[in-house]
Amino acid sequence: MEIKANKINGANAQIEATISRDELNEKIEKIAKQLSKTANVQGFRKGKVPVAIIKKQYGEKLVEDAEAEALREVLAKGLTELNIDSVSLIGEPTISKFEKSDDKIEVAVKVAMRPEINLENVKSFVPDFEKPEVTDEEVEERIKEIAENQAPLVDIKRNRKMKEGDTAVIDFEGFIDGKAFEGGAAENFELKLGSGQFIPGFEDQLIGVKRDEEVTINVTFPENYGSDTLAGKDAEFKVKVNGVKVKDEVVIDDELAKKLLPGEEDATLEKLKEEVKKALEQEKLAKLYNDELKPKLLETLVEKIDFDLPEFVVDQEIDMAVNKKASQMSEDEIKELRENPEKLNELRESFRDDAVKSVKATFIIDALAQEMGIKVEEQEVMQTIYYEAMQMGQDPQKAYEHYKEAGYLPAIQMSMVEDKVLTALLNEKSEA
(Lines give C-alpha, C1' and ligand atoms only; values in the text may rest on other atoms or scores of the structure.)
Protein backbone atom coordinates (compact mmCIF):
# COMPACT_ATOMS: atom_id res chain seq x y z
CA MET A 1 0.00 0.00 0.00
CA GLU A 2 1.49 3.30 -1.12
CA ILE A 3 0.59 6.21 1.17
CA LYS A 4 1.34 9.90 0.80
CA ALA A 5 0.24 12.10 3.71
CA ASN A 6 0.30 15.88 3.51
CA LYS A 7 -0.54 18.40 6.22
CA ILE A 8 -2.22 21.24 4.33
CA ASN A 9 -2.17 23.56 7.37
CA GLY A 10 -2.73 23.45 11.11
CA ALA A 11 -6.33 22.29 10.76
CA ASN A 12 -6.49 20.28 7.53
CA ALA A 13 -4.62 17.32 6.08
CA GLN A 14 -4.98 14.99 3.10
CA ILE A 15 -3.98 11.35 2.87
CA GLU A 16 -3.56 9.79 -0.58
CA ALA A 17 -3.08 6.07 -1.13
CA THR A 18 -2.96 3.38 -3.77
CA ILE A 19 -4.44 0.04 -2.78
CA SER A 20 -3.36 -2.81 -5.05
CA ARG A 21 -5.77 -5.49 -6.19
CA ASP A 22 -3.57 -8.12 -4.48
CA GLU A 23 -3.93 -6.30 -1.13
CA LEU A 24 -7.68 -6.10 -1.54
CA ASN A 25 -7.90 -9.80 -2.45
CA GLU A 26 -5.90 -10.68 0.66
CA LYS A 27 -8.38 -8.77 2.80
CA ILE A 28 -11.32 -10.46 1.04
CA GLU A 29 -9.74 -13.84 1.74
CA LYS A 30 -9.15 -13.00 5.41
CA ILE A 31 -12.69 -11.70 5.94
CA ALA A 32 -14.16 -14.72 4.15
CA LYS A 33 -12.19 -17.12 6.38
CA GLN A 34 -13.37 -15.32 9.51
CA LEU A 35 -16.96 -15.39 8.30
CA SER A 36 -16.76 -19.10 7.45
CA LYS A 37 -16.32 -19.82 11.18
CA THR A 38 -19.50 -18.03 12.24
CA ALA A 39 -21.85 -17.95 9.23
CA ASN A 40 -25.02 -20.06 9.10
CA VAL A 41 -25.34 -21.55 5.60
CA GLN A 42 -27.97 -24.15 4.82
CA GLY A 43 -26.43 -27.58 4.22
CA PHE A 44 -23.29 -26.93 6.24
CA ARG A 45 -22.47 -27.19 9.91
CA LYS A 46 -21.62 -23.94 11.67
CA GLY A 47 -17.88 -23.35 11.45
CA LYS A 48 -17.47 -25.83 8.59
CA VAL A 49 -18.63 -23.66 5.66
CA PRO A 50 -16.07 -23.71 2.81
CA VAL A 51 -14.50 -20.34 2.00
CA ALA A 52 -15.55 -20.74 -1.65
CA ILE A 53 -19.22 -20.96 -0.58
CA ILE A 54 -18.81 -17.86 1.62
CA LYS A 55 -17.33 -15.96 -1.32
CA LYS A 56 -20.17 -17.00 -3.58
CA GLN A 57 -22.92 -16.10 -1.09
CA TYR A 58 -21.41 -12.89 0.31
CA GLY A 59 -19.38 -11.75 -2.71
CA GLU A 60 -20.34 -8.07 -2.92
CA LYS A 61 -20.50 -7.66 0.85
CA LEU A 62 -16.99 -9.11 1.21
CA VAL A 63 -15.66 -6.58 -1.31
CA GLU A 64 -17.33 -3.70 0.53
CA ASP A 65 -15.96 -4.88 3.87
CA ALA A 66 -12.47 -5.28 2.40
CA GLU A 67 -12.56 -1.80 0.90
CA ALA A 68 -13.77 -0.33 4.21
CA GLU A 69 -10.96 -2.09 6.08
CA ALA A 70 -8.43 -0.81 3.55
CA LEU A 71 -9.73 2.76 4.01
CA ARG A 72 -9.42 2.46 7.78
CA GLU A 73 -5.87 1.25 7.30
CA VAL A 74 -5.12 4.18 4.97
CA LEU A 75 -6.47 6.61 7.58
CA ALA A 76 -4.57 5.01 10.48
CA LYS A 77 -1.24 4.88 8.64
CA GLY A 78 -1.69 8.40 7.28
CA LEU A 79 -2.38 9.82 10.75
CA THR A 80 0.66 8.00 12.12
CA GLU A 81 2.83 9.41 9.34
CA LEU A 82 1.50 12.91 10.05
CA ASN A 83 1.88 12.41 13.81
CA ILE A 84 -1.78 13.32 14.36
CA ASP A 85 -3.62 11.85 17.35
CA SER A 86 -7.10 10.59 16.47
CA VAL A 87 -8.60 12.48 19.47
CA SER A 88 -7.60 15.77 17.84
CA LEU A 89 -9.75 15.02 14.78
CA ILE A 90 -13.10 16.77 14.38
CA GLY A 91 -15.90 15.59 12.16
CA GLU A 92 -15.76 12.53 9.94
CA PRO A 93 -12.94 12.03 7.40
CA THR A 94 -14.06 12.99 3.90
CA ILE A 95 -13.32 10.68 0.97
CA SER A 96 -12.55 13.10 -1.85
CA LYS A 97 -11.33 10.42 -4.27
CA PHE A 98 -12.14 6.72 -4.71
CA GLU A 99 -11.24 5.52 -8.20
CA LYS A 100 -11.28 1.78 -8.92
CA SER A 101 -9.49 0.10 -11.81
CA ASP A 102 -8.65 -3.52 -12.62
CA ASP A 103 -5.41 -3.59 -10.66
CA LYS A 104 -5.79 -0.91 -7.97
CA ILE A 105 -7.89 1.62 -6.09
CA GLU A 106 -6.71 5.20 -5.75
CA VAL A 107 -8.11 7.07 -2.76
CA ALA A 108 -7.78 10.48 -1.14
CA VAL A 109 -9.07 11.21 2.34
CA LYS A 110 -9.36 14.68 3.89
CA VAL A 111 -9.24 15.04 7.66
CA ALA A 112 -9.75 18.05 9.89
CA MET A 113 -8.11 18.71 13.24
CA ARG A 114 -9.09 20.92 16.13
CA PRO A 115 -7.04 24.06 15.54
CA GLU A 116 -4.34 25.10 17.99
CA ILE A 117 -5.12 28.61 19.22
CA ASN A 118 -2.61 30.86 20.93
CA LEU A 119 -4.45 32.64 23.75
CA GLU A 120 -1.42 34.30 25.36
CA ASN A 121 -2.37 37.85 24.37
CA VAL A 122 -6.13 37.62 24.88
CA LYS A 123 -6.17 39.94 27.91
CA SER A 124 -4.45 42.68 25.88
CA PHE A 125 -7.35 42.64 23.43
CA VAL A 126 -9.94 43.49 26.08
CA PRO A 127 -10.84 47.18 25.60
CA ASP A 128 -10.34 49.75 28.34
CA PHE A 129 -13.57 51.13 29.76
CA GLU A 130 -14.87 53.08 32.69
CA LYS A 131 -17.56 51.74 34.94
CA PRO A 132 -20.82 53.68 34.56
CA GLU A 133 -21.61 56.13 37.36
CA VAL A 134 -24.94 56.44 39.13
CA THR A 135 -26.20 59.82 40.33
CA ASP A 136 -28.07 60.50 43.56
CA GLU A 137 -31.05 61.59 41.46
CA GLU A 138 -31.15 58.19 39.74
CA VAL A 139 -31.05 56.41 43.08
CA GLU A 140 -33.90 58.54 44.45
CA GLU A 141 -35.97 57.98 41.31
CA ARG A 142 -35.51 54.21 41.54
CA ILE A 143 -36.45 54.17 45.23
CA LYS A 144 -39.53 56.19 44.36
CA GLU A 145 -40.48 53.59 41.71
CA ILE A 146 -39.96 50.76 44.20
CA ALA A 147 -42.01 52.58 46.81
CA GLU A 148 -44.86 53.12 44.35
CA ASN A 149 -44.80 49.42 43.46
CA GLN A 150 -45.00 48.58 47.16
CA ALA A 151 -47.87 50.98 47.73
CA PRO A 152 -51.32 49.42 48.24
CA LEU A 153 -54.12 50.06 45.75
CA VAL A 154 -56.95 52.28 46.93
CA ASP A 155 -60.27 53.16 45.29
CA ILE A 156 -60.51 56.66 43.85
CA LYS A 157 -63.29 58.75 45.34
CA ARG A 158 -64.09 60.92 42.33
CA ASN A 159 -65.65 59.08 39.38
CA ARG A 160 -63.26 60.39 36.73
CA LYS A 161 -62.22 58.96 33.37
CA MET A 162 -59.53 56.28 33.61
CA LYS A 163 -56.01 57.01 32.42
CA GLU A 164 -52.81 55.02 31.90
CA GLY A 165 -51.44 53.79 35.22
CA ASP A 166 -54.88 53.34 36.78
CA THR A 167 -55.98 49.86 37.81
CA ALA A 168 -59.42 48.97 36.45
CA VAL A 169 -61.54 46.48 38.37
CA ILE A 170 -63.60 44.80 35.64
CA ASP A 171 -65.99 42.02 34.73
CA PHE A 172 -65.42 40.78 31.19
CA GLU A 173 -66.47 38.05 28.80
CA GLY A 174 -64.91 37.33 25.42
CA PHE A 175 -66.59 36.10 22.23
CA ILE A 176 -65.32 34.81 18.89
CA ASP A 177 -67.87 34.73 16.07
CA GLY A 178 -70.56 35.45 18.67
CA LYS A 179 -69.65 32.48 20.88
CA ALA A 180 -68.06 32.75 24.32
CA PHE A 181 -64.69 30.95 24.50
CA GLU A 182 -63.12 29.07 27.38
CA GLY A 183 -60.94 31.16 29.69
CA GLY A 184 -62.28 34.42 28.25
CA ALA A 185 -64.27 35.60 31.26
CA ALA A 186 -63.60 36.88 34.78
CA GLU A 187 -65.18 38.99 37.51
CA ASN A 188 -63.60 41.83 39.48
CA PHE A 189 -60.33 41.35 37.62
CA GLU A 190 -57.73 44.01 38.46
CA LEU A 191 -55.98 45.25 35.30
CA LYS A 192 -53.38 48.01 35.35
CA LEU A 193 -53.80 50.10 32.19
CA GLY A 194 -50.57 50.33 30.23
CA SER A 195 -49.09 47.19 31.77
CA GLY A 196 -49.40 45.17 28.55
CA GLN A 197 -50.90 42.31 30.54
CA PHE A 198 -53.80 41.83 28.14
CA ILE A 199 -54.05 41.44 24.37
CA PRO A 200 -52.67 44.48 22.47
CA GLY A 201 -55.40 47.12 22.16
CA PHE A 202 -57.52 45.88 25.08
CA GLU A 203 -56.13 48.24 27.72
CA ASP A 204 -56.05 51.23 25.35
CA GLN A 205 -59.80 50.97 24.80
CA LEU A 206 -60.46 51.28 28.55
CA ILE A 207 -58.75 54.65 28.79
CA GLY A 208 -61.40 57.34 29.14
CA VAL A 209 -64.01 54.96 30.58
CA LYS A 210 -65.58 55.67 34.01
CA ARG A 211 -66.68 53.50 36.90
CA ASP A 212 -70.02 51.67 36.37
CA GLU A 213 -69.80 52.09 32.57
CA GLU A 214 -70.09 49.15 30.15
CA VAL A 215 -68.11 49.01 26.89
CA THR A 216 -67.45 46.62 24.02
CA ILE A 217 -63.78 46.06 23.16
CA ASN A 218 -62.64 44.60 19.84
CA VAL A 219 -59.18 43.06 19.55
CA THR A 220 -57.25 40.51 17.50
CA PHE A 221 -55.24 37.76 19.20
CA PRO A 222 -51.55 37.71 18.11
CA GLU A 223 -50.54 35.07 15.57
CA ASN A 224 -48.03 33.64 18.09
CA TYR A 225 -50.57 33.46 20.91
CA GLY A 226 -50.14 30.44 23.18
CA SER A 227 -53.51 28.89 22.28
CA ASP A 228 -53.88 27.57 18.71
CA THR A 229 -57.68 27.99 18.89
CA LEU A 230 -57.31 31.72 19.61
CA ALA A 231 -54.16 32.70 17.70
CA GLY A 232 -54.90 35.27 14.99
CA LYS A 233 -58.65 35.36 15.75
CA ASP A 234 -60.78 38.52 16.05
CA ALA A 235 -62.50 38.75 19.43
CA GLU A 236 -65.13 40.91 21.09
CA PHE A 237 -65.16 41.54 24.85
CA LYS A 238 -68.12 42.81 26.87
CA VAL A 239 -66.60 44.77 29.75
CA LYS A 240 -68.13 46.40 32.85
CA VAL A 241 -65.99 48.70 35.02
CA ASN A 242 -66.77 48.02 38.68
CA GLY A 243 -64.12 50.30 40.14
CA VAL A 244 -60.94 52.25 39.59
CA LYS A 245 -57.90 52.04 41.84
CA VAL A 246 -54.65 53.97 42.13
CA LYS A 247 -51.50 53.52 44.17
CA ASP A 248 -51.65 55.03 47.63
CA GLU A 249 -48.90 57.40 48.68
CA VAL A 250 -45.92 55.84 50.45
CA VAL A 251 -43.53 57.68 52.73
CA ILE A 252 -39.87 57.11 51.83
CA ASP A 253 -38.15 56.67 55.16
CA ASP A 254 -36.38 54.16 57.42
CA GLU A 255 -39.60 52.17 57.83
CA LEU A 256 -39.78 51.63 54.08
CA ALA A 257 -36.12 50.56 54.11
CA LYS A 258 -36.89 47.92 56.73
CA LYS A 259 -39.64 46.50 54.51
CA LEU A 260 -37.40 46.48 51.43
CA LEU A 261 -34.36 45.03 53.23
CA PRO A 262 -35.79 42.09 55.16
CA GLY A 263 -33.27 40.40 57.43
CA GLU A 264 -30.95 43.40 57.31
CA GLU A 265 -30.01 44.53 60.78
CA ASP A 266 -30.44 48.25 61.44
CA ALA A 267 -31.87 48.87 57.97
CA THR A 268 -32.03 52.57 57.19
CA LEU A 269 -32.88 54.75 54.24
CA GLU A 270 -29.15 55.39 53.72
CA LYS A 271 -28.48 51.65 53.61
CA LEU A 272 -31.32 51.26 51.09
CA LYS A 273 -29.78 53.97 48.92
CA GLU A 274 -26.44 52.13 48.98
CA GLU A 275 -28.06 48.85 47.88
CA VAL A 276 -30.10 50.54 45.16
CA LYS A 277 -26.99 52.34 43.91
CA LYS A 278 -25.13 48.99 43.63
CA ALA A 279 -28.05 47.47 41.70
CA LEU A 280 -28.19 50.44 39.30
CA GLU A 281 -24.44 50.23 38.73
CA GLN A 282 -24.80 46.54 37.83
CA GLU A 283 -27.69 47.32 35.47
CA LYS A 284 -25.71 50.03 33.70
CA LEU A 285 -22.62 47.84 33.53
CA ALA A 286 -24.62 44.95 32.06
CA LYS A 287 -26.09 47.28 29.43
CA LEU A 288 -22.63 48.60 28.56
CA TYR A 289 -21.33 45.02 28.30
CA ASN A 290 -24.17 43.77 26.09
CA ASP A 291 -24.68 46.80 23.86
CA GLU A 292 -21.07 47.83 23.27
CA LEU A 293 -18.19 45.96 24.90
CA LYS A 294 -19.03 42.30 24.19
CA PRO A 295 -19.60 42.76 20.42
CA LYS A 296 -16.46 44.91 20.22
CA LEU A 297 -14.37 42.39 22.16
CA LEU A 298 -15.52 39.40 20.11
CA GLU A 299 -14.84 41.29 16.87
CA THR A 300 -11.33 42.14 18.11
CA LEU A 301 -10.59 38.54 19.12
CA VAL A 302 -11.63 37.29 15.67
CA GLU A 303 -9.51 39.95 14.00
CA LYS A 304 -6.37 39.61 16.12
CA ILE A 305 -6.14 35.86 16.80
CA ASP A 306 -4.96 34.05 13.69
CA PHE A 307 -5.19 30.28 13.16
CA ASP A 308 -6.15 27.76 10.50
CA LEU A 309 -9.77 26.64 10.23
CA PRO A 310 -11.13 23.20 9.31
CA GLU A 311 -12.41 23.56 5.75
CA PHE A 312 -15.48 21.39 6.23
CA VAL A 313 -16.70 23.47 9.20
CA VAL A 314 -16.50 26.66 7.12
CA ASP A 315 -18.28 24.86 4.27
CA GLN A 316 -21.05 23.79 6.66
CA GLU A 317 -21.51 27.40 7.79
CA ILE A 318 -21.69 28.51 4.14
CA ASP A 319 -24.22 25.76 3.40
CA MET A 320 -26.49 27.02 6.19
CA ALA A 321 -26.28 30.58 4.87
CA VAL A 322 -27.05 29.43 1.31
CA ASN A 323 -30.01 27.32 2.49
CA LYS A 324 -31.39 30.27 4.44
CA LYS A 325 -31.03 32.51 1.39
CA ALA A 326 -32.64 29.88 -0.84
CA SER A 327 -35.68 29.73 1.47
CA GLN A 328 -36.30 33.37 0.58
CA MET A 329 -35.90 32.89 -3.18
CA SER A 330 -38.50 32.29 -5.83
CA GLU A 331 -38.70 28.98 -7.71
CA ASP A 332 -37.22 30.65 -10.81
CA GLU A 333 -34.22 31.93 -8.85
CA ILE A 334 -33.60 28.51 -7.34
CA LYS A 335 -33.89 26.88 -10.78
CA GLU A 336 -31.32 29.32 -12.15
CA LEU A 337 -28.88 28.37 -9.38
CA ARG A 338 -29.34 24.67 -10.10
CA GLU A 339 -28.68 25.17 -13.79
CA ASN A 340 -25.79 27.58 -13.36
CA PRO A 341 -22.96 26.16 -11.16
CA GLU A 342 -20.93 29.36 -11.54
CA LYS A 343 -23.76 31.47 -10.16
CA LEU A 344 -24.21 29.06 -7.25
CA ASN A 345 -20.48 29.25 -6.52
CA GLU A 346 -20.64 33.07 -6.58
CA LEU A 347 -23.49 32.94 -4.06
CA ARG A 348 -21.52 30.58 -1.82
CA GLU A 349 -18.42 32.75 -1.96
CA SER A 350 -20.45 35.83 -1.01
CA PHE A 351 -21.01 34.20 2.39
CA ARG A 352 -17.43 33.03 2.94
CA ASP A 353 -16.09 36.03 4.90
CA ASP A 354 -18.97 35.96 7.36
CA ALA A 355 -18.71 32.17 7.65
CA VAL A 356 -14.99 32.36 8.44
CA LYS A 357 -15.62 35.01 11.13
CA SER A 358 -18.42 32.96 12.67
CA VAL A 359 -16.36 29.75 12.76
CA LYS A 360 -13.33 31.58 14.15
CA ALA A 361 -15.47 33.09 16.90
CA THR A 362 -16.84 29.67 17.83
CA PHE A 363 -13.40 28.07 18.12
CA ILE A 364 -11.98 31.03 20.08
CA ILE A 365 -14.85 31.00 22.57
CA ASP A 366 -14.59 27.21 22.93
CA ALA A 367 -10.84 27.42 23.59
CA LEU A 368 -11.29 30.24 26.11
CA ALA A 369 -14.11 28.38 27.87
CA GLN A 370 -11.87 25.32 28.30
CA GLU A 371 -8.95 27.41 29.57
CA MET A 372 -11.18 29.37 31.99
CA GLY A 373 -13.16 26.33 33.13
CA ILE A 374 -16.47 27.81 31.98
CA LYS A 375 -19.34 25.40 31.26
CA VAL A 376 -23.08 25.59 30.65
CA GLU A 377 -24.94 22.40 31.50
CA GLU A 378 -28.17 21.32 29.80
CA GLN A 379 -30.10 22.03 33.00
CA GLU A 380 -29.01 25.68 32.82
CA VAL A 381 -30.11 25.88 29.18
CA MET A 382 -33.49 24.44 30.14
CA GLN A 383 -33.92 26.95 32.96
CA THR A 384 -33.10 29.84 30.61
CA ILE A 385 -35.63 28.69 28.02
CA TYR A 386 -38.26 28.13 30.72
CA TYR A 387 -37.74 31.62 32.15
CA GLU A 388 -37.92 33.36 28.76
CA ALA A 389 -41.01 31.35 27.77
CA MET A 390 -42.80 32.32 31.00
CA GLN A 391 -41.86 35.95 30.43
CA MET A 392 -43.57 35.75 27.03
CA GLY A 393 -46.61 33.92 28.36
CA GLN A 394 -45.73 30.68 26.58
CA ASP A 395 -45.81 27.10 27.83
CA PRO A 396 -42.20 26.51 29.09
CA GLN A 397 -42.22 22.75 28.44
CA LYS A 398 -43.56 23.18 24.91
CA ALA A 399 -41.00 25.89 24.19
CA TYR A 400 -38.16 23.65 25.39
CA GLU A 401 -39.40 20.67 23.36
CA HIS A 402 -39.70 22.90 20.27
CA TYR A 403 -36.07 24.06 20.58
CA LYS A 404 -34.92 20.52 21.25
CA GLU A 405 -36.74 19.00 18.25
CA ALA A 406 -35.50 21.78 15.99
CA GLY A 407 -31.91 21.11 17.10
CA TYR A 408 -31.41 24.60 18.57
CA LEU A 409 -30.17 23.57 22.03
CA PRO A 410 -26.44 23.36 21.09
CA ALA A 411 -26.58 26.85 19.56
CA ILE A 412 -28.34 28.25 22.64
CA GLN A 413 -25.80 26.54 24.89
CA MET A 414 -22.90 27.95 22.86
CA SER A 415 -24.43 31.42 23.02
CA MET A 416 -24.63 31.17 26.81
CA VAL A 417 -21.00 29.99 26.99
CA GLU A 418 -19.96 32.93 24.81
CA ASP A 419 -21.80 35.35 27.10
CA LYS A 420 -20.10 33.92 30.19
CA VAL A 421 -16.62 33.98 28.62
CA LEU A 422 -16.86 37.58 27.43
CA THR A 423 -18.39 38.69 30.73
CA ALA A 424 -15.54 37.04 32.66
CA LEU A 425 -12.90 38.77 30.51
CA LEU A 426 -14.55 42.16 30.96
CA ASN A 427 -15.01 41.65 34.70
CA GLU A 428 -11.34 40.81 35.07
CA LYS A 429 -10.46 43.99 33.19
CA SER A 430 -12.73 46.14 35.35
CA GLU A 431 -11.25 44.71 38.55
CA ALA A 432 -7.64 45.10 37.43
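Note: hydrogens, waters and symmetry copies are ignored here, and every other heavy atom, side chains too, is used. Since the structure is predicted, the reported quantities are computational estimates derived from the model, not experimental observations.
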### From Phe175, Phe172, Phe198, residue fulfilling side-chain contact (heavy atoms from CB on, under 4.5 Å) relative to Phe237
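Of Phe175, Phe172, Phe198, side-chain contact (heavy atoms from CB on, under 4.5 Å) with Phe237 is met by Phe172 alone.
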
### Message
What verdict does the side chain to side chain contact (heavy atoms under 4.5 Å, CB included) test give for Asn118 and Ile305, after you've listed the backbone C-alpha separation in whole Å, the side-chain angles of each residue and the deciding distance to 0.1 Å?
### Response
CA-CA 7 Å; Asn118 187 342; Ile305 301 176; 5.9 Å; no

### Query
Got Pro127 and Thr300 here, is their nearest side-chain heavy-atom distance under 4.5 Å?
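Counting from C-beta outward, Pro127 and Thr300 never come under 4.5 Å.
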
### Query
Do Val215 and Gln205 come within less than 4.5 Å of each other through their side chains, counting heavy atoms only?
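The answer is no, as the side chains (C-beta and beyond) never meet within the 4.5 Å cut-off.
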
### Task
Please determine, by modelled atom types, if Asn218 and Thr216 share a side-chain donor-acceptor pair under 3.5 angstrom.
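Their side chains do not contain a donor-acceptor pair, so the 3.5 Å distance test is not met.
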
### Message
We want to know whether Glu29 and Asn25 form a side-chain donor-acceptor pair, criterion being a heavy-atom distance below 3.5 angstrom.
### Response
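No, Asn25 and Glu29 have no side-chain donor paired with an acceptor closer than 3.5 Å.
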
### Query
Is atom CD of Glu299 surrounded by more than 12 heavy atoms (other residues, nucleotides or ligands) closer than 6.0 Å?
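Counting neighbours around CD of Glu299, 12 or fewer heavy atoms of other residues, nucleotides or ligands fall under 6.0 Å, so no.
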
### Query
Is the shortest distance from a Lys or Arg side-chain nitrogen in Glu292 or Lys296 to a carboxylate oxygen in the other one below 4.0 Å?
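The answer is no: the pair does not qualify as a salt bridge.
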
### salt bridge (charged side-chain N to carboxylate O under 4.0 Å, His left out) partner of Glu67, the single match among Arg21, Lys100, Lys61
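Of the listed options, the one satisfying the test is Lys100.
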
#### Entry: Contacts of type ring-ring contact (aromatic ring centres under 6.0 Å, His included), residue Phe221, not counting sequence neighbours
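By the ring-ring contact (aromatic ring centres under 6.0 Å, His included) rule, Phe221 matches Phe181, Tyr225.
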
### Message
Strictly distance-based, threshold 3.5 Å: is any side-chain N or O of Lys104 a donor or acceptor partner for the main-chain N or O of Thr18?
### Response
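Here the side-chain-to-backbone pair does not exist.
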
### Message
Between Lys429 and Asp128, is the side chain to side chain contact (heavy atoms under 4.5 Å, CB included) condition met? List the steps.
### Response
CA-CA 8 Å; Lys429 185 77 170 185; Asp128 293 320; 2.9 Å; yes

